[in-house]
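Order of the sequence lines sets the chain letters (A, B, ...), proteins ahead of strands, with each chain counted from 1. On a predicted model such as this, the values are computed, not experimentally measured, just so you know. Any value given below was found using the heavy atoms of this structure, including those in side chains, with hydrogens, waters and symmetry copies removed.
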Amino acid sequence: MANITNTTESAGSNLMVRALREAFYAGIVALGLFVLYVGLKTDQNILNELVLVQRWGLLATFVAIAMVGRFLAVAYVRPWFETRRAAKAAAPAAEREAGFVARNFGLLAVAALVVYPILMVALFGFQGSLKWVDNFGIQILIYVLLAWGLNIVVGLAGLLDLGYVAFYAVGAYSYALLSSYLGLSFWLLLPMAGILAALWGTILGFPVLRLKGDYLAIVTLAFGEIIRLVLINWTEVTKGTFGISGIAKASVFGIWSFDVSATNNFAKAFGLPMSSAYYKIFLFYLALALCMLAAFVTIRLRRMPIGRAWEALREDEIACRSLGINTVTTKLTAFATGAMFGGIAGSFFAVRQGFVSPESFVFLESAIILAIVVLGGMGSLVGIAVAATLMIGGTELLREMDFLKRIFGPDFTPELYRMLIFGLAMIIVMVWKPRGFVGSREPTAFLKERKSVSGSFTKEGHG
Amino acid sequence: MALETDTMTKDPILKVEHLSMRFGGLMAINDLSFEAYRGDITALIGPNGAGKTTVFNCITGFYKPTMGMITMRQKAGKEYLLERMSDFEVNRDAKVARTFQNIRLFSGLTVLENLLVAQHNKLMLASGYTILGLLGFPTYKAAVGESIERAKYWLDKANLTDRADDPAGDLPYGAQRRLEIARAMCTGPEFLCLDEPAAGLNPRESLALNELLRSIRKDTETSILLIEHDMAVVMEISDHVVVLEYGQKISDGNPDFVKHDPKVIAAYLGVEDDEVEEVIEQIAEIAPGDTH
């Protein structure tokens with residue numbers, strides 16, 4: 001640490017020496033940390049005795065990764081960042097013209113999503129594409145929709161809501177119950193689930209919204225749990241922890257059905273071989289359409305007085321009131337709109353799974369959705385969509401990491417490390433971009449030119 | 001009172017009667033009565049802790065007074081009892097706007113957006129409570145155009161047109177003060193309450209502020225009530241000064257009268273304990289009617 005380089009000739013070799021030394025220290029720290037966690041493992045042998053399994057090879061791998069990582073970070077990554085920063089400082093704001101991709105990112109992303117299922121079918125065949133369209137595509141889109149809904153509450157209005165999953169649950173159960181008991185169709189229930197969730201958002205929001213900051217967060221958390229506990233315990237209606245299964249599938253506007261036994265079955269109608277892939281592809285495009293609608297509504301809302309009032313509320317609630325804005329109704333509309341998105345996502349979730357149970361609506365879901373909003377950059381639709389893709393797609397991708405077994409041994413299951421890697425990724429992103437992927441905000445109106453507002457001016461809100 | 005003849009002819013826009021505000025054991029305002037007249041710039045002055053900002057918060061609905069009545073009389077003759085209204089209604093219905101001692105701008109919104117947020121209620125109505133606006137009705141578009149015109153007018157007045165698209169938090173201090181006043185004016189008030197608008201301004205900015213306040217009064221016929229410590233500003237622009245000390249009114253009149261009121265001088269400069277008698281005597285000599 002102490003060797004400050006004075007001459008340029010010795011700088012390179014000094015850096016290497018320092019990198020080696022720091023790598024050595026990192027190795028010692030890693031050894032100390034992991035010797036008990038990784039190096040030794042208690043296990044039962046055939047005689048049911050507790051034995052100590054020694055895993056020195058695995059420990060050596062961990063230590064080696066730490067050392068190599070530290071060496072690379074000190075010797076190459078850090079100097080590279082420094083030279084880049086210096087270069088940036090040397091040429092301030094010189095021709096920072098955004099490239100074609102950066103300018104049309106939204107449109108390109110939508111185009112890519114439209115061709116995505118076709119590409120997957122072409123690459124993996126109908127049966128092989130299931131995993132990519134369903135687990136990756138639809139699941140990510142559901143989270144995008146949820147996160148965009150929460151974005152209205154947290155990112156725009158600045159109200160910290162830790163119980164958002166409650167509205168997701170309301171939407172899912174609205175569809176599940178109303179379609180199984182009353183036999184109503186998906187196309188009727190989709191908006192209805194949104195309206196019901198919005199209603200619940202208003203009902204829950206009303207007593208809660210006089211609270212601020214941490215208190216609001218805790219009470220919304222409690223409401224999320226209340227909804228889940230009601231779902232578990234109201235067994236006559238919700239069937240409790242067993243959940244509701246056999247939920248009706250969606251149809252293509254009632255024209256073609258995806259039920260195998262139905263006469264107007266989609267595959268039969270077109271004379272295609274039977275496959276569940278058509279339904280998934282249909283759901284994918286439906287999810288995409290819902291997301292587009294949500295994005296359109298959010299963009300539109302931001303330019304409405306209510307959207308500006310939400311953002312103003314995030315910036316300064318007292319100033320809002322001094323300007324004659326009724327902050328209670330403004331907060332309620334934010335809550336209700338966010339809840340509506342959640343409800344629609346919920347009913348879509350129910351139709352995709354065909355099964356809902358309270359287990360899908362635990363606090364961790366709220367936390368993940370909130371993490372997506374924060375990582376993406378509060379208020380930014382593109383940032384949030386990218387964050388959802390990385391977080392949900394990333395964790396799904398870990399299931400596919402079979403090659404890791406070759407490194408860490410056959411009993412290594414990468415899925416179990418999902419949350420660990422998830423947390424690590426969040427820390428890295430927050431250190432690298434404290435305001436999320438898109439930290440700046442786009443103004444909703446301008447006189448001469450549209451300049452994005454740097455994240456250092458916007459507030460996170462405390463209401 | 002000394003200036004009864006002068007003030008009797010004027011039309012009061014705001015009447016504060018027997019206003020008291022108690023915080024636990026502290027009587028922040030004690031039986032305060034004063035009037036602000038239509039078209040006047042009324043200054044509320046007093047030493048630190050005299051209760052000026054508390055009076056402001058009572059008028060603008062941020063505090064509920066313990067006792068008393070605050071009547072706002074609009075140009076059309078409609079009267080509002082401000083002590084019964086909540087803070088946002090005071091602005092929306094009674095048309096009383098305010099600024100804050102510690103500037104409260106929406107720092108992450110641009111200057112223009114700040115001025116558009118101030119026109120929220122009007123735009124909300126034009127957008128059919130968002131629904132018509134969401135469907136893209138032309139009435140909303142027209143209303144937005146109008147609002148931007150109004151914002152432009154105030155940007156020009158506050159000399160902020162060049163910075164319209166910058167975030168409000170990026171403006172220098174003096175410009176932020178002017179923007180806060182412009183934002184309050186965008187709500188279309190009849191009565192504007194300014195809490196220390198000149199605090200922290202350099203002499204040049206202070207001069208620009210005086211100009212702005214004068215033009216507000218002249219062009220929009222808005223009456224102004226301001227709290228100010230900067231006596232240069234107070235004496236220069238105000239028509240009527242009310243002096244508070246320990247939550248009570250100690251003087252009320254035109255700037256010249258107040259400036260020479262020994263009670264005001266005593267309150268501001270402070271008097272030694274043994275000189276109190278002497279000062280009271282002096283006061284009794286000068287204004288016999290004022291002592292109890």
Contacting moiety of B:Asp170, where chain A heavy atoms sit under 4.5 Å: both
Heavy-atom neighbours of B:Lys78 NZ exceed 12 at 6.0 Å: no
Main-chain N/O of A:Ser322 paired with B:Asp87 side-chain donor or acceptor, under 3.5 Å: no
Side chain proximity check, B:Leu123 to A:Arg308, heavy atoms < 4.5 angstrom: yes
Part of B:Thr99 lying under 4.5 Å from any heavy atom of chain A: neither
Pick from B:Leu109, B:Asn114, B:Asp166 with the largest number of heavy-atom pairs that fall under 4.5 Å of chain A: B:Leu109
OH (B:Tyr173) with more than 12 external heavy atoms under 6.0 Å: yes
Approximate separation, where rounding is to 0.5 Å, of A:Arg321 CZ and B:Arg92 CZ: 13.5 Å
B:Phe88 side chain near A:Cys320 side chain, heavy-atom distance below 4.5 Å: no
Contact leader toward chain A among B:Leu116, B:Val144, B:Ile148, where contacts are heavy-atom pairs under 4.5 Å: B:Leu116
Residue part contacting chain A, namely of B:Leu105, when any heavy atom lies under 4.5 Å: backbone
B:Phe106 versus A:Ala319, closest heavy-atom pair with distance: CE2-CB, 3.8 Å
Over 12 foreign heavy atoms within 6.0 Å of CZ, B:Phe23: yes
Interface residue of largest heavy-atom contact number with chain B, from A:Val297, A:Leu301, A:Asn326, under 4.5 Å: A:Asn326
Chi angles and distances behind the side-chain contact (heavy atoms from CB on, under 4.5 Å) call for B:Arg183, A:Leu323: CA-CA 8 Å; B:Arg183 189 181 66 179; A:Leu323 298 173; 3.7 Å; yes
Contacting moiety of B:Lys122, where chain A heavy atoms sit under 4.5 Å: neither
Neighbour count >12 (heavy atoms, 6.0 Å) for atom CH2, B:Trp154: yes
Test item: B:Asn121 side-chain N/O and A:Gly324 main-chain N/O as donor-acceptor pair under 3.5 Å: yes
Residue part contacting chain B, namely of A:Arg441, when any heavy atom lies under 4.5 Å: side chain
Which atoms of B:Thr60 approach chain A - backbone, side chain, both or neither, heavy atom under 4.5 Å: neither
Lys/Arg-Asp/Glu bridge criterion (N-O < 4.0 Å) met for A:Glu317, B:Arg104: no
Side-chain (B:Glu113) to main-chain (A:Thr444) donor-acceptor, under 3.5 angstrom: yes
